[in-house]
Each structure stands twice: as C-alpha cells, then as structure tokens.
There are 2 protein chains.
Amino acid sequence: MTATDAQRGPVTTEPTPPTSVAHSDLLTVPFAGAPIFTRSRALRPTGKVLPEHARSHNRALVLQTLYSSGAQSRADIARETGLTRVTVSDLVAELISEGLVVELGQREDARPGKPATLIDVARDAFQIIGLDLSEHEVFRGAVTALDGTIAERAELARDGATGEEAVRLVEALVDRLLGLTTIPVLGIGVGSPGVVDPLGVVRSAPNLGWVDLPLQERLAARTDLPVHVANDANVAILAEHGETAPGELLLVKVGHGVGAGLIVGGRPVIGGGFAAGEIGHVVVGTDGGPRCACGKDGCLEAWVAEPRLRAQLEAVGADREVILHEAGRRLGIVLAPVVGALNLTEVVLSGPADLLDGAFHEATVDTLRKRTMAELNRDLRLRMSEQAEDIVLRGAAVMVLSGQLGVS
Amino acid sequence: MTATDAQRGPVTTEPTPPTSVAHSDLLTVPFAGAPIFTRSRALRPTGKVLPEHARSHNRALVLQTLYSSGAQSRADIARETGLTRVTVSDLVAELISEGLVVELGQREDARPGKPATLIDVARDAFQIIGLDLSEHEVFRGAVTALDGTIAERAELARDGATGEEAVRLVEALVDRLLGLTTIPVLGIGVGSPGVVDPLGVVRSAPNLGWVDLPLQERLAARTDLPVHVANDANVAILAEHGETAPGELLLVKVGHGVGAGLIVGGRPVIGGGFAAGEIGHVVVGTDGGPRCACGKDGCLEAWVAEPRLRAQLEAVGADREVILHEAGRRLGIVLAPVVGALNLTEVVLSGPADLLDGAFHEATVDTLRKRTMAELNRDLRLRMSEQAEDIVLRGAAVMVLSGQLGVS
DNA sequence: TTTGTTCGTAAGGTTTACTAACAAACGTGA
DNA sequence: TCACGTTTGTTAGTAAACCTTACGAACAAA
C-alpha cells in the first residue's frame with residue numbers, strides 16, 4: 001500500500017530532492033526553512049539572494065508566527081513580524097490558496113473597530129509520518145498531526161534484521177502508517193541510528209548493518225512524498241528545541257547506545273564528517289574503565305548505555321545508588337569540556353527515567369558544576385526530557401514541518 | 001591625538017553602533033556581514049527580509065568574491081556569483097562610488113572579444129587598527145592593510161595596570177596607532193581577554209580588573225570609528241578561518257591562560273553566556289592534578305598554561321619531554337569530548353612554539369586519537385598555527401573587515 | 001447619531017534583479 | 001583586408017517584491 005495521490009500535500013511540487021535535518025546552506029542559511037523551495041544547492045557556501053528568496057523567507061515567517069502564536073488576525077501578524085498589513089494579506093492569500101492556512105471567522109471579543117478575521121495554520125489538513133529506528137528490538141512509527149501530537153502508532157519487531165532485510169521492514173512500516181493516515185501527508189521524517197549525511201544517506205549504522213544506504217532516496221521513490229532522514233539524537237533534539245529557535249542546547253540520548261544532538265547558535269550541528277553528537281565512544285577519565293565493544297577501555301557507552309546499566313543493577317549485591325551515581329558522574333566528566341567550550345546553558349537527558357532521573361541525574365549535574373567554571377556556567381540547567389519514549393517520533397515531525405514549511 | 005575627519009572611511013555613515021565578533025543576528029544571520037547597514041536588532045531571532053537586504057547581501061558577495069579571488073572583470077564576477085553582468089555592473093558602480101573598489105585598467109592577455117576592465121577591492125585605500133590585549137605584560141597593536149599584513153606596530157607596557165588605568169593605556173595605544181596611519185581607517189578591532197558580549201562590553205576580565213566595561217562604546221566615542229571587540233581567542237580564530245567560510249574549526253590559544261575559539265557551521269560560536277571557548281578551568285581527568293588559582297585541582301590551565309609549563313621546565317632535574325608530553329596529553333583529554341561531540345575536522349594550536357610544537361603537539365594528537373572513535377575522526381587534523389604572535393592582531397583585522405564589509 | 005478605531009484591500013510608487021539587445025573592441029581566418 | 005565570431009559592459013524594458021497612501025466596512029463609545 002502506498003500513498004494515493006489524494007494524500008499528497010499541495011505544498012510539494014516535486015518528489016522532494018535531498019534535504020535533511022539542517023536547513024541546507026542556502027546562502028549561509030538565511031531562509032532557513034524555506035518552503036516549497038527545493039533547496040538543492042549545497043555547493044557554494046554563500047550565494048546570491050533574489051527578491052523571490054526574500055518572499056520565501058517572509059512567507060515562512062508568517063507561517064511560523066501563526067504556528068507558534070496560534071490563531072490571529074492578519075493585522076496581528078503584521079504587527080508581530082514588522083511586515084505591513086498589505087504584504088501579510090498578500091502572503092496569507094497565497095498560503096490560503098495552497099491550503100496551508102484557513103480562515104476561522106471573526107474574532108469574538110468586543111473591541112472598537114472592524115472585527116478581525118482570525119486565521120490559522122490548517123492544523124488538521126495534513127498529517128506527518130515519523131519513524132524511530134533507534135531502538136534495538138523494534139522499529140517504531142507514528143502518524144502525527146502538524147503539532148506533533150500522535151494520532152496513530154505502529155511497530156514492527158526487528159528480530160535482528162539487518163541490511164536489506166531491515167530496509168524492507170522500514171518500508172513495510174511506512175506502508176502500514178500510510179494506510180493509517182486519513183488526510184494528506186506533509187512528509188516522512190526518519191530518525192536512524194548511526195551516521196547520516198545531509199542527503200539522507202545512512203553512511204554507517206553498525207547495528208543495522210547499513211553502509212551508505214540511501215534511505216531518503218529509497219523512501220522518497222517508494223512513496224513519492226517528501227522524506228527527511230537524520231541521526232536519531234539529532235532528530236530528538238528537534239522535539240525539545242525546534243529547528244529555528246535561537247539558543248544553544250545539548251541533548252544526550254541514552255539507550256542501547258549513547259548519542260547526543262547539538263544545537264548551536266539556534267541551528268543543528270552536523271559535524272565535518274556528519275557524525276556530530278557521536279560521543280558514545282569517547283573515553284571518560286584517566287582511570288581506566290570497563291572494556292567497550294569498540295575495543296577501548298572506559299568509553300562513555302561502556303559506562304552508561306542502558307544494557308550495561310541494567311546488567312550491573314541486576315548483579316548480585318549491586319548497590320543501585322552507587323552504580324547510578326557513578327554512571328551519572330561519568331557522563332558529567334565527558335560533558336564538562338563540551339559545556340565549557342560551547343558555554344551551554346541547557347542540557348537535556350533523554351532515556352529510561354527509572355535509570356536516569358534520580359541519582360544519575362544528580363551526579364551528572366554535580367559533576368558538571370564541579371568540573372567547569374562556576375561563574376561562567378551558573379545558568380546551566382540539566383533536565384530530563386519530558387517527551388519520554390516518543391521524542392524521536394515527535395522530533396521527526398518537527399523535522400518534516402521545518403523542512404517543508406520552514407516552521408517549528 | 002585622535003582620528004582626523006580625513007581618516008574616516010566613506011563607508012561608515014554613522015559612528016557605528018554596537019556590533020562585534022559575530023555577524024549579529026540580522027534575520028537569523030542571513031546577510032552575515034552586511035556593510036554600512038546598522039545591525040541593531042538583536043531582538044527577534046528571525047525577522048522580515050526586504051529586497052534591499054537582498055541587495056546588501058549581493059553587494060557583500062561581490063566584494064567577497066573580489067577580495068578572495070583577486071582582481072578580475074565584472075563579467076568574471078558575474079560568472080562566479082551567478083548574478084548577471086548587469087547586476088554586477090550596478091553593484092560595482094555603487095562600490096566604486098564609495099571608494100571601496102577601483103578600476104585597474106584593461107586586462108593584458110590576448111583573447112577574442114572586447115578586453116575586460118579589471119577591478120579590485122581598493123586594497124590600499126584603507127587601513128585597519130588591531131589591538132591585542134591578551135598578553136600579560138604588554139598591550140600590542142598594529143596598523144594593518146586590508147589583507148591583514150602589518151604596516152606599523154606599537155606596544156605599551158602594561159606594568160600591572162588594571163581597571164580604568166588599563167583602559168587609559170588602551171586609549172593611548174589607539175591614539176598612537178591612529179597617528180601612524182597614512183590613509184583612512186576602516187575600523188578598530190580589539191581582542192580582549194575575558195568574557196566579551198556581542199555589544200563589545202567586557203563582562204569580566206579578571207587579569208585586567210574589568211567588569212562590565214563598555215570598551216566598544218568607549219573607543220567608538222573617542223575615535224568616531226567603527227569598533228569591534230571580542231574575546232582574544234575568538235578573534236584569533238578569525239585569522240585562521242575568516243568569518244564567513246564554511247566548516248568547523250577549533251583553536252586553542254595557550255598563553256598566560258588557556259582559551260579557545262570555535263567556529264561551527266561556518267560561524268563563530270559565542271555561547272549562551274558569551275563565554276564560549278573558556279576551557280581553561282575545566283578539570284582534566286579523574287586523577288587529580290595541580291592546584292589551580294581558581295581553587296580546583298587539575299584545571300586545564302593548571303596543566304598547560306605557559307607560566308606553569310616554564311616553571312616546571314626550569315625546575316631542577318626536569319625532563320622536558322616528559323613534562324611537555326604530559327601537558328599535551330592533558331589537553332587531548334579535554335579536547336576529546338569536544339572533538340567527538342562536534343565531529344571537528346580541524347584543530348589549531350596557537351602559542352609559544354618552543355613549548356607546543358613538539359612532544360606537546362604529538363601527545364595531544366595521540367591522545368585525541370586514542371580517546372575518540374577512530375572511524376569518525378579519521379580526518380581530524382591538529383596543527384600549529386602559522387600566524388605566530390600576530391594571530392590576534394590579524395584576527396582583529398579580519399573582524400573589522402567582516403563587520404564593516406561582510407568580507408573575510 | 002457622531003466620532004474614533006481597527007481591519008482588510010486597492011492603487012500606485014520604489015527597489016531589485018532579470019532578459020534582451022546592442023555597441024565597442026578584440027582575435028581569427030578566408 | 002575584411003567579414004565574422006567572441007567577449008565586455010551598458011542601455012532599455014519587464015517582473016517581482018515590498019512599500020506608502022488611501023479608502024470602505026464594521027464596530028464601540030460618547
């Protein structure tokens with residue numbers, strides 16, 4: 001079962017070319033999430049800007065304003081964006097004609113003057129499909145609304161599948177999810193483990209046996225929908241932060257492995273080799289540590305990955321507090337240089353709450369404070385993610401929303 | 001002695017408002033180094049884009065092309081930028097009228113067609129003043145050409161001056177440098193130790209006893225020239241990288257203290273508290289270490305700062321190789337998580353070559369490789385800076401160039 | 001009923017970069 | 001030598017984008 005024509009959003013004029021987590025570098029990333037716009041130029045770091053690009057940007061700005069501030073009038077948007085009412089009207093007309101925005105009727109409250117016509121993003125005109133391939137035993141997926149709320153779920157047991165077999169599982173999951181959709185689909189977002197490049201090629205995912213797998217291309221060809229693929233932790237952080245908001249954020253995702261997502265200067269960090277956030281195999285401390293699968297001693301993953309922690313806790317005579325405290329401390333030791341170098345103000349922990357939200361968390365905070373300069377990092381906050389298990393699915397929705405509409 | 005009116009560049013229409021290292025966030029940083037343009041809006045993270053902004057961007061693009069590719073014809077620029085010859089001609093005419101670009105006469109080589117008129121940035125029509133306040137004993141300054149080559153130097157011994165006294169020294173140095181200029185000055189760039197915010201306020205510089213010192217404002221008011229102030233390491237990295245080129249880079253500056261500058265996604269990292277790169281007081285390893293002035297044990301600075309290293313080397317029976325190797329190893333330990341998290345491909349060391357370029361350097365590389373994931377960081381390069389002592393002065397020139405013309 | 005406010009739209013102007021066309025200036029080759 | 005092709009830079013006209021100005025519609029408050 002594949003998507004029917006009726007399911008395709010009016011927004012996507014093409015089968016959607018490569019593009020992924022970050023707003024590719026259309027002119028040093030000005031029109032970050034330009035919509036429609038096929039962002040196919042990753043070549044020159046900087047390029048010319050035409051008036052039409054400005055319009056794309058302003059269009060996205062209007063959409064973003066509506067999306068985050070909720071239903072409001074054209075005049076409200078004009079005030080908030082700094083554009084004139086005339087220009088906003090023009091942009092809104094375009095958005096309405098594309099089905100992305102709808103009029104809701106007149107505002108109720110009693111004020112002098114002509115009553116405002118409320119408009120809003122057509123929040124229930126599209127759905128998004130999100131996939132989380134980061135779990136070890138199961139591929140999870142969901143159909144979400146534009147705001148990320150989950151409408152339908154589906155799972156497929158992985159049963160150790162790798163390589164092409166695993167790809168077919170992913171395809172089957174997508175097919176099943178498409179069957180669960182009830183309205184047009186804006187796009188598909190995928191959080192995959194491993195190293196994923198900006199074109200959505202999984203360069204390397206050892207657990208799944210994938211090497212240079214063009215997952216974006218495969219799914220786009222199969223469904224004829226816009227597809228965005230990125231590393232699972234880099235996707236997860238979008239659920240916490242959005243893709244366009246300002247600020248700095250680090251998310252550490254503890255599961256079968258340990259990975260991180262980073263946002264610096266308001267934008268996701270990809271890394272020179274597309275492997276940003278891969279801190280699982282950084283060695284912690286100078287006093288050895290457990291042997292890691294990678295061959296080194298004392299890798300972060302050997303200290304804090306979920307299987308390792310659970311195994312330790314189940315050992316005879318294990319002291320839960322001590323074990324979790326030590327693991328949290330090890331995480332703090334690795335994060336301290338990163339927090340210091342980037343002067344981060346917010347760090348988020350994502351993973352099994354029964355392990356992380358307690359002694360572990362406290363030890364991490366404590367260690368971070370003790371190992372960085374107090375005055376500089378006074379504002380530092382370390383918190384648990386509130387998104388629980390769905391963080392990747394919701395992040396995938398944000399990724400699609402951002403990639404297709406320039407909104408998050 | 002202050003700047004005469006004749007020394008003011010035609011480019012600066014105003015006494016130049018606050019602005020500093022990074023291209024402040026004019027609309028999510030699209031028109032990075034927009035010239036003339038008073039970039040006074042740090043409020044909304046994202047804002048509207050008008051056609052005139054697009055023009056600013058294209059103007060800077062033309063200038064950048066000329067600056068980096070050297071003298072060429074309007075048609076060449078058109079081909080390289082993707083703009084049409086008509087548009088390039090128009091922009092160039094504007095730049096010529098402002099004195100930023102000059103015609104050099106016809107191209108010599110024999111080709112069919114109308115001979116091209118070569119144009120170039122008016123490389124000898126402006127000078128830049130750079131200041132390096134990061135050394136402990138002396139404030140250094142230079143008058144440079146647009147390309148960063150140093151024309152004149154000046155120094156003032158600090159003699160332990162702090163607070164207002166130190167500010168007066170800086171002002172005296174600026175005055176002396178202005179007296180050494182022979183043509184209009186494009187602006188003044190300052191690399192200061194400590195935490196410097198985007199408005200050029202030195203939030204905190206313990207060595208100089210500065211707290212919330214509005215250095216940018218002070219110097220701008222005094223000279224009526226554009227002034228840019230940033231942290232010394234963040235300035236230094238501009239000399240290595242430029243402010244607009246793509247890529248990731250980390251520069252570690254070892255001197256009286258230890259600091260770092262970071263460029264991620266092609267842009268300088270400032271940090272939530274404007275203290276990005278302050279890794280000097282991050283604790284290294286889990287086996288203690290020398291007591292640091294800040295009170296903690298085993299801070300990076302306590303391991304590798306220049307005074308500490310020199311003292312160790314002068315001790316009786318000191319083994320030079322062992323000492324430098326251990327210091328380098330400690331640096332590697334701190335950098336490993338940063339390199340891993342950001343997936344950096346290039347790290348630069350700046351500081352006294354007699355200490356850093358040898359066993360120290362080797363130990364850092366070696367440690368970095370051993371403590372990160374080999375496959376992901378295979379492309380990692382760690383090299384010594386080639387800019388030696390002038391790195392901050394040259395970076396300051398880049399900062400001004402970038403801030404005023406959108407060029408680097 | 002009058003007055004003032006607010007909303008959305010219409011008309012017209014400015015800026016921007018584009019396409020099309022051209023003259024100038026130069027090699028090349030018959 | 002002279003027609004021809006090529007390249008450069010400019011002129012003229014067009015399309016797109018946003019702006020300012022102005023207006024009618026619709027409402028609250030006096």
Side-chain angles (χ1 to χ4, degrees), chain A residues 27 30-31 34-37 47-62 66 71-97 101-119, chain B residues 27 30-31 34 36-37 47-62 66 71-97 101-120:
Chain A
L27 44 133
F31 308 123
I36 294 184
F37 234 81
K48 62 178 174 177
V49 176
L50 304 183
E52 66 211 69
H53 299 141
R55 186 167 178 89
S56 287
H57 176 91
N58 289 336
R59 204 187 98 115
L61 178 60
V62 167
L66 269 181
Q72 53 196 307
S73 72
R74 293 168 174 84
D76 293 330
I77 298 176
R79 275 185 292 267
E80 189 166 337
T81 59
L83 294 162
T84 60
R85 291 202 305 274
V86 180
T87 302
V88 171
S89 273
D90 192 48
L91 290 167
V92 166
E94 185 181 304
L95 292 167
I96 288 179
S97 79
V101 164
V102 288
E103 288 198 335
L104 301 178
Q106 291 193 348
R107 177 178 272 152
E108 290 295 319
D109 60 349
R111 292 193 301 183
K114 177 179 173 180
T117 310
L118 291 178
I119 55 176
Chain B
L27 44 132
F31 310 120
I36 292 184
F37 237 79
K48 61 176 175 178
V49 176
L50 304 183
E52 67 211 68
H53 300 141
R55 186 169 176 90
S56 287
H57 177 91
N58 289 336
R59 203 187 98 114
L61 178 60
V62 166
L66 268 181
Q72 53 197 305
S73 73
R74 293 167 174 86
D76 293 331
I77 298 175
R79 275 184 292 267
E80 189 166 337
T81 59
L83 295 163
T84 59
R85 291 203 305 272
V86 181
T87 302
V88 170
S89 273
D90 193 45
L91 290 167
V92 165
E94 185 181 306
L95 291 167
I96 287 178
S97 79
V101 164
V102 288
E103 289 198 336
L104 301 178
Q106 292 194 348
R107 175 178 272 150
E108 291 295 319
D109 59 349
R111 292 194 301 184
K114 177 179 173 180
T117 310
L118 290 179
I119 56 177
D120 196 2

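Labels below follow one simple rule: chain letters A, B, ... track the order of the sequence lines, proteins then strands, and each chain is numbered from 1.
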Task: Selection: residues 85-92 of chain B, any non-hydrogen atom under 4.0 Å of DNA chain D - done: Arg85(B), Val86(B), Ser89(B)
Task: SB check Arg55(A) Asp90(A) (cutoff 4.0 Å) - done: yes
Task: His53(A) side chain vs Ala54(B) backbone, donor-acceptor pair below 3.5 Å - done: no
Task: Interatomic distance, Ile77(B) CD1 vs dT7(D) C1' [rounded to whole Å] - done: 16 Å
Task: Side chain to side chain, Ile77(A) and Gln72(A), heavy atoms closer than 4.5 Å - done: yes
Task: N-O pairing of Arg107(A) and Asp76(A) below 4.0 Å - done: yes
TODO: Let me know the distance between CD of Glu52(B) and P of dA17(C), rounded to the nearest Å.
DONE: 11 Å
Task: Side-chain N or O of Arg55(A) closer than 4.0 Å to phosphate OP1/OP2 of dA16(D) - done: no
- [ ] Assign a letter to each nucleotide of nucleotides 25-30 of chain D from its 5' end: B, base within under 4.0 Å of a protein heavy atom; S, sugar-phosphate only; -, no contact.
- [x] BBBS--
Task: Spacing between Glu94(A) atom CD and dA17(D) atom C1', to the nearest angstrom - done: 11 Å
Open item on the list: For the backbone of Gly47(B) and the side chain of His57(A), can you confirm whether one donor and one acceptor N or O come within less than 3.5 Å of each other?
Closed with: yes
- [ ] Could you tell me whether the phosphate oxygens of dC7(C), OP1 or OP2, come under 4.0 Å of any side-chain nitrogen or oxygen in Thr117(A)?
- [x] no
TODO: State, to the nearest 10°, the angle formed by the axis through the first five base pairs of the helix from dT1(C)-dA30(D) to dA30(C)-dT1(D) and the axis through its last five.
DONE: 10°
Task: Glu103(B) CD - dG9(D) C1' separation (whole Å) - done: 10 Å
TODO: Look at all strands and tell whether Arg107(A) reaches a base, only sugar-phosphate, or nothing, counting heavy atoms closer than 4.0 Å.
DONE: nothing
- [ ] Please report, rounded to the nearest Å, how far the C1' atom of dG8(C) is from the CG atom of Leu118(A).
- [x] 14 Å
- [ ] Report yes if at least one side-chain N or O of Thr84(B) is closer than 4.0 Å to OP1 or OP2 of dT19(C); otherwise report no.
- [x] no
Task: Side chain to side chain, Ile119(B) and Leu66(B), heavy atoms closer than 4.5 Å - done: yes
Task: Interatomic distance, His53(A) NE2 vs dC18(C) C1' [rounded to whole Å] - done: 13 Å
Open item on the list: Could you report the tightest heavy-atom contact between Lys48(B) and Gly82(A), atom names first, then the distance?
Closed with: NZ-O, 2.8 Å
Task: Salt bridge Glu103(A)-Arg74(A), side-chain N to carboxylate O under 4.0 Å - done: yes
Task: Any side-chain heavy-atom pair of Asn58(A) and Thr87(A) under 4.5 Å - done: no
TODO: Of all the heavy-atom pairs spanning Gln106(A) and Pro115(A), show the shortest one and how long it is.
DONE: OE1-CG, 3.4 Å
Open item on the list: With a cut-off of less than 4.0 Å, is there a side-chain N or O of Asn58(A) near OP1 or OP2 of dA17(D)?
Closed with: no
Open item on the list: I need the minimum non-hydrogen distance between Leu104(A) and Ala71(A), along with the two atoms involved.
Closed with: CD1-CB, 3.7 Å
TODO: Can you measure from OG (Ser89(B)) to CD (Glu94(B)) and round to the nearest 0.5 angstrom?
DONE: 13.0 Å
TODO: Give the rounded distance in Å between these two atoms: CG of Leu50(B) and P of dA17(C).
DONE: 13 Å
TODO: Measure the distance from NE2 on His57(A) to C1' on dA16(D) and round it to the nearest whole Å.
DONE: 17 Å
